[in-house]
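See below for the structure under consideration.
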Amino acid sequence: MEEYAIILDYLPQGAPSSNYSKKEPICYAIGDQEFKLFELVAKPNAVVAIGTKTFIGKDSETKKRDIIDHVKRRITYDDLTSNAISELEFAVTDIVMANEAKYVRFFNEAEAISMRKHLLEELPGLGKKLMMTILEERKKGQFKDFADLTERTSIKAPEKFIVDRILLEIEDPDRKRYLFVYR
């Protein structure tokens with residue numbers, strides 16, 4: 001269950017397709033753990049900035065929703081506005097970098113899926129040669145962070161492989177295998 005989300009777009013007058021009698025300020029957001037997409041209703045007079053991480057979980061005494069009034073619904077990639085789509089890659093990159101240890105662990109623990117395919121090959125742009133380099137280097141010891149992975153394998157931006165895969169999983173609802181996005 002998502003507790004926090006990153007704001008991708010804010011429509012203070014509501015969605016253009018919504019009923020004219022009841023306009024409410026709408027935010028489009030992505031969850032920071034499971035990458036779920038949401039349509040959120042902002043509180044009246046709340047200051048909303050794109051890229052802001054905001055609490056969307058259930059209210060408790062220690063955590064209050066300061067920007068979001070309530071979650072209106074879960075949405076798909078096709079429901080996002082063009083502004084939200086353009087912000088999506090930046091938000092996913094921020095989430096991946098904020099949870100670096102989680103995604104470095106993927107490089108350290110990924111195993112073969114079948115006799116002919118390895119889980120690392122599911123990352124767009126990472127072919128057999130790079131996969132073999134990663135596997136050889138991790139035999140010498142686990143990767144500590146993305147910088148260590150870059151230094152030992154000469155992969156320029158390993159986080160980009162993760163971000164690209166997450167974006168693929170968000171955009172395509174009919175994927176055979178999901179590695180990072182919760183469905």
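Judged by distance alone, with hydrogens and angles left aside, the side-chain atoms of Arg165 form no donor-acceptor pair with the main-chain N or O of Pro124 at under 3.5 Å. Judged purely by atom type and a 3.5 angstrom limit, Glu100 uses its side chain to pair as donor or acceptor with the backbone of Phe146. In terms of modelled atom types and a separation under 3.5 Å, the side chain of Glu169 and the main chain of Ile166 share no donor-acceptor contact. Side chain of Glu3 to backbone of Phe55: no donor-acceptor contact under 3.5 angstrom is found.
For the atom pair CE (Met132) and OG1 (Thr153), the distance works out to 14.0 Å, reported to the nearest 0.5 Å. Annotation: the span from Thr150 atom OG1 to Glu159 atom CD amounts to 6.5 Å, rounded to 0.5 Å. In this structure, the separation between CG on Asn108 and CZ on Phe106 is 11.0 Å, given to the nearest 0.5 Å. Within the model, atoms CD1 of Ile85 and OH of Tyr28 stand 10.5 Å from one another, a figure rounded to the nearest 0.5 Å. Interatomic distance, Leu8 CG to Thr81 OG1, rounded to the nearest 0.5 Å: 8.0 Å. Rounding to the nearest 0.5 angstrom, the gap separating the CZ atom in Arg73 from the CD1 atom in Ile26 is 8.5 Å.
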Audit row: Glu24, Lys43, salt bridge (Lys or Arg N to Asp or Glu O under 4.0 Å) steps and yes/no: CA-CA 9 Å; Glu24 50 193 5; Lys43 289 188 173 187; over 6 Å; no

Worked check of salt bridge (Lys or Arg N to Asp or Glu O under 4.0 Å) between Lys36 and Glu2: CA-CA 8 Å; Lys36 293 177 182 175; Glu2 300 282 12; 5.8 Å; no

List the steps, then state whether salt bridge (Lys or Arg N to Asp or Glu O under 4.0 Å) holds for Glu122 with Lys117. CA-CA 9 Å; Glu122 290 287 312; Lys117 186 141 180 142; 3.4 Å; yes

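Counting only heavy atoms from C-beta outward, the side chains of Leu120 and Leu135 approach each other to under 4.5 Å. Looking at Leu80 and Asp9, their side chains never come closer than 4.5 Å, going by heavy atoms from C-beta outward.
One hydrophobic cluster holds both Phe143 and Phe161 under the rule that ILVMFWY side chains link at heavy-atom gaps under 4.5 Å. The cluster map of Ile, Leu, Val, Met, Phe, Trp and Tyr, joined by side-chain heavy atoms under 4.5 Å apart, puts Leu123 and Val96 in the same cluster. Following chains of ILVMFWY side-chain contacts shorter than 4.5 Å, one cannot reach Ile68 starting from Leu11, and the two form parts of different hydrophobic clusters. Under the 4.5 Å side-chain heavy-atom criterion for Ile, Leu, Val, Met, Phe, Trp and Tyr, Met97 and Val163 are members of the same hydrophobic cluster.
What you find for Phe107 and Pro158 is that their closest heavy atoms are CZ-O, 3.8 Å. Closest of all the heavy-atom pairs between Ile7 and Ala29 is CA-CB, 4.2 Å. Here the closest heavy-atom approach between residue Asp66 and residue Ala46 is recorded as O-CB, 4.4 Å. The nearest pair of heavy atoms linking Tyr182 to Arg74 is O-NH2, 4.4 Å. Looking at every heavy atom in both residues, Phe38 comes nearest to Ile56 through CE1-CD1, 3.8 Å. The minimum heavy-atom distance linking Asp174 with Tyr178 is given by the pair N-OH, 3.8 Å.
Summarising the local packing, NZ of Lys144 is surrounded by 12 or fewer heavy atoms from other residues, nucleotides or ligands at distances under 6.0 Å. Annotation: Arg116, atom CZ; neighbour count of heavy atoms from other residues, nucleotides and ligands within 6.0 Å does not exceed 12.
With no hydrogens or angles considered, a side-chain donor-acceptor pair links Asp79 and Thr76 at under 3.5 Å.
Ring geometry for Phe35 against Tyr103 counts as tilted: the plane angle lies between 30° and 60°, on a 0 to 90° scale.
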